[in-house]
S.K.: 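Structure provided below as structure tokens; questions to follow.
Numbering starts at 1 and runs along the sequence shown.
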Amino acid sequence: EYFSNVMPLSSGKFKFAIPSLTHIKRLIKNYNQSFMPSVGEVVTANSKKFHNPRREPYFYGKSWLLIHYLVKKRKKTLNLIVSHLSQGKKLNYIKLFGPEKKLEKKLKEYLWYLFARSGDFYFFRGLQHFKHNNYDKAFRDFTKAITKNTYHIPARHYRGIIHYSRGKY
């Protein structure tokens, strides 16, 4: 999924690895809940555990966060993992990542970094203004969300609705 979040930019050019707003929101909202899998559970889960209907979205989100973190912040570790897996070697997660609590802390910090860059704070505030028909404030917040994250599709959508309602199309 890392490479499936794509935005076309111009003729033949694309932006890959756009952070998933769905995963970011789900993880931010539930990170400290008991049903959220630890990173250790994520990397060792068998298919049955990973695809448990009640916990699958959290396993999926946490594994997405781990891959995103590795690609963006720990490429050497990711390359080592790929090398070991392609050679059929077992992985020593403690050797790769250090203590689980340390990696968990790094993932949580990275998640908040992604949230800050996502524009969601301004989007959700703008959505509240929009629901209360305060379109000027909503428009400003949607614009701020797009300034933070030029690929924030929902903010673009609501700005379009406001433009349309004002006859600017």
Side-chain angles (χ1 to χ4, degrees), residues 1-125 127 141 144-156:
E1 184 180 328
Y2 179 83
F3 291 105
S4 70
N5 291 332
V6 178
M7 172 70 74
L9 299 176
S10 61
S11 59
K13 294 187 179 188
F14 299 89
K15 171 81 174 167
F16 288 93
I18 297 167
S20 167
L21 297 177
T22 302
H23 291 319
I24 292 171
K25 285 188 289 190
R26 181 179 295 123
L27 291 170
I28 287 286
K29 183 178 177 185
N30 299 295
Y31 206 88
N32 294 320
Q33 300 298 322
S34 61
F35 52 80
M36 180 65 69
S38 69
V39 70
E41 285 181 282
V42 168
V43 298
T44 60
N46 60 28
S47 182
K48 184 179 179 181
K49 187 172 189 174
F50 190 96
H51 296 291
N52 173 319
R54 290 192 290 166
R55 291 184 76 201
E56 184 176 22
Y58 306 103
F59 270 97
Y60 203 79
K62 193 80 166 266
S63 62
W64 169 86
L65 179 63
L66 177 61
I67 293 298
H68 209 280
Y69 171 75
L70 289 172
V71 171
K72 293 291 188 177
K73 301 289 186 182
R74 305 254 320 250
K75 285 184 183 169
K76 287 182 182 179
T77 303
L78 181 61
N79 289 336
L80 187 60
I81 291 169
V82 171
S83 173
H84 275 65
L85 291 175
S86 66
Q87 297 171 23
K89 295 180 180 178
K90 288 193 172 195
L91 297 174
N92 182 330
Y93 296 103
I94 299 294
K95 221 178 214 184
L96 286 168
F97 301 118
E100 183 179 356
K101 284 185 180 184
K102 183 178 177 184
L103 179 59
E104 201 70 69
K105 182 180 178 201
K106 291 284 186 190
L107 286 178
K108 194 170 185 179
E109 289 170 359
Y110 187 65
L111 176 61
W112 281 101
Y113 164 79
L114 290 175
F115 181 71
R117 291 186 51 212
S118 74
D120 268 358
F121 170 78
Y122 294 109
F123 171 72
F124 287 114
R125 190 170 73 180
L127 202 54
D141 278 342
K144 286 178 185 176
I146 294 166
T147 301
K148 287 276 187 189
N149 176 4
T150 57
Y151 310 107
H152 203 293
I153 304 305
R156 289 182 177 278

S.K.: When you measure from the side chain of Lys62 to the backbone N and O of Pro37, does any donor-acceptor pair fall under 3.5 Å?
M.R.: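 Yes.
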S.K.: Return the orientation label for the His68 and Trp64 ring planes: parallel under 30°, perpendicular over 60°, tilted otherwise.
M.R.: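 Geometry flag for Trp64 against His68: tilted rings.
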S.K.: Tell me the closest heavy-atom pair linking Pro53 and Pro57, and the distance in Å.
M.R.: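 Reported closest heavy-atom pair: O-CD, 4.0 Å.
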S.K.: Answer yes or no: are there more than 12 heavy-atom neighbours, outside Lys106 itself, under 6.0 Å from its atom NZ?
M.R.: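 Open: at most 12 neighbouring heavy atoms sit under 6.0 Å from NZ of Lys106.
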S.K.: Give me the atom names and distance for the closest heavy-atom approach of Gly119 to Ala145.
M.R.: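 Between these two residues, the closest heavy atoms are O-CB, 3.2 Å.
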S.K.: Might you point out which heavy atoms bring Val42 and Ser63 nearest each other, and give the distance in Å?
M.R.: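 Looks like CG1-CB, 3.6 Å.
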S.K.: Can you tell if the side chain of Thr22 reaches within under 4.5 Å of the side chain of Arg26, non-hydrogen atoms only?
M.R.: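 A side-chain contact under 4.5 Å exists here.
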S.K.: Using side chain to side chain contact (heavy atoms under 4.5 Å, CB included), reason through Asp141 and Phe124 one step at a time and then give a plain yes or no.
M.R.: CA-CA 8 Å; Asp141 278 342; Phe124 287 114; over 6 Å; no
S.K.: Donor-acceptor pair, Arg156 side chain versus Thr150 backbone, under 3.5 Å?
M.R.: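 Side chain of Arg156 to backbone of Thr150: a pair is present.
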S.K.: If you measure from CZ on Phe115 to CD1 on Ile24, what distance do you get to the nearest 0.5 Å?
M.R.: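 It is 8.5 Å, given to the nearest 0.5 Å.
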S.K.: With no hydrogens and no angle check, is any side-chain donor or acceptor of Asn46 less than 3.5 Å from a backbone partner on Lys49?
M.R.: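 Between the backbone of Lys49 and the side chain of Asn46 there is a qualifying donor-acceptor contact (under 3.5 Å).
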S.K.: Rounded to the nearest 0.5 Å, what separates atom CG in Asp120 from atom CG in Asn149?
M.R.: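 Interatomic distance, Asp120 CG to Asn149 CG, rounded to 0.5 Å: 8.0 Å.
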S.K.: How many angstroms lie between atom OH of Tyr110 and atom CZ of Arg74, to the nearest 0.5 angstrom?
M.R.: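 Interatomic distance, Tyr110 OH to Arg74 CZ, rounded to 0.5 Å: 13.0 Å.
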S.K.: Is it the case that the side chain of Ser83 and the backbone of Asn79 share a donor-acceptor pair, with hydrogens and angles ignored and the cut-off at 3.5 Å?
M.R.: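 No; judged by distance alone, with no hydrogens or angles, the pair does not exist.
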S.K.: Walk me through it: do Tyr60 and His23 pass the test ring pair (Phe, Tyr, Trp, His ring centres under 6.0 Å)?
M.R.: CA-CA 8 Å; Tyr60 203 79; His23 291 319; 5.4 Å; yes
S.K.: Report the C-alpha separation of Tyr69 and Leu114 in whole Å, then their side-chain angles, then the decisive distance to 0.1 Å, and conclude whether the side chain to side chain contact (heavy atoms under 4.5 Å, CB included) test is met.
M.R.: CA-CA 10 Å; Tyr69 171 75; Leu114 290 175; over 6 Å; no
S.K.: Does the Lys NZ or Arg CZ of Lys108 fall within the cation-pi geometry relative to Tyr113 - under 6.0 Å from the ring centre and within 45° of the axis?
M.R.: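 Relative to the ring axis of Tyr113, which defines the angle, Lys108 lies outside at least one limit.
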S.K.: May I ask you to check whether His84 and Asn92 show a side-chain donor-acceptor distance below 3.5 Å?
M.R.: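 No pair is found: no donor N or O on one side chain lies under 3.5 Å from an acceptor on the other.
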S.K.: What's the spacing between His152 NE2 and Ile146 CD1 if we round to 0.5 Å?
M.R.: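 With rounding to 0.5 Å, NE2 (His152) is 8.5 Å from CD1 (Ile146).
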S.K.: Minimum heavy-atom separation for Leu107 to Leu66, with atom names?
M.R.: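 Reported closest heavy-atom pair: CD2-CA, 3.9 Å.
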S.K.: Please determine whether side chain to side chain contact (heavy atoms under 4.5 Å, CB included) holds for the pair Ile28 and Trp112, giving the CA-CA distance in whole Å, both sets of side-chain angles, and the decisive distance to 0.1 Å.
M.R.: CA-CA 8 Å; Ile28 287 286; Trp112 281 101; 3.6 Å; yes
S.K.: How about Glu104 and Phe97: do any of their side-chain heavy atoms sit closer than 4.5 Å?
M.R.: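 Heavy-atom side-chain distance check fails, nothing below 4.5 Å.
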S.K.: Any sub-3.5 Å donor-acceptor pair from Glu100's side-chain atoms to Ser38's backbone N or O?
M.R.: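 The answer is no, because no donor-acceptor pair under 3.5 Å joins these two groups.
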S.K.: Does the pair Met36 and Phe59 meet the rule for a side chain to side chain contact (heavy atoms under 4.5 Å, CB included), with working shown?
M.R.: CA-CA 7 Å; Met36 180 65 69; Phe59 270 97; over 6 Å; no
S.K.: First locate atom CZ of Arg125, then atom CG of Leu127, and finally report the distance between them rounded to the nearest 0.5 Å.
M.R.: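 Reported value, rounded in 0.5 Å steps: 12.5 Å.
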S.K.: Quick one: are Lys148 and Tyr122 in side-chain contact, heavy atoms under 4.5 Å?
M.R.: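 Of all side-chain heavy-atom pairs linking Tyr122 with Lys148, at least one is under 4.5 Å.
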S.K.: Rounded to the nearest 0.5 Å, what separates atom CZ in Phe50 from atom CD in Glu41?
M.R.: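 Rounded to the nearest 0.5 Å, the CZ-CD separation comes out at 11.5 Å.
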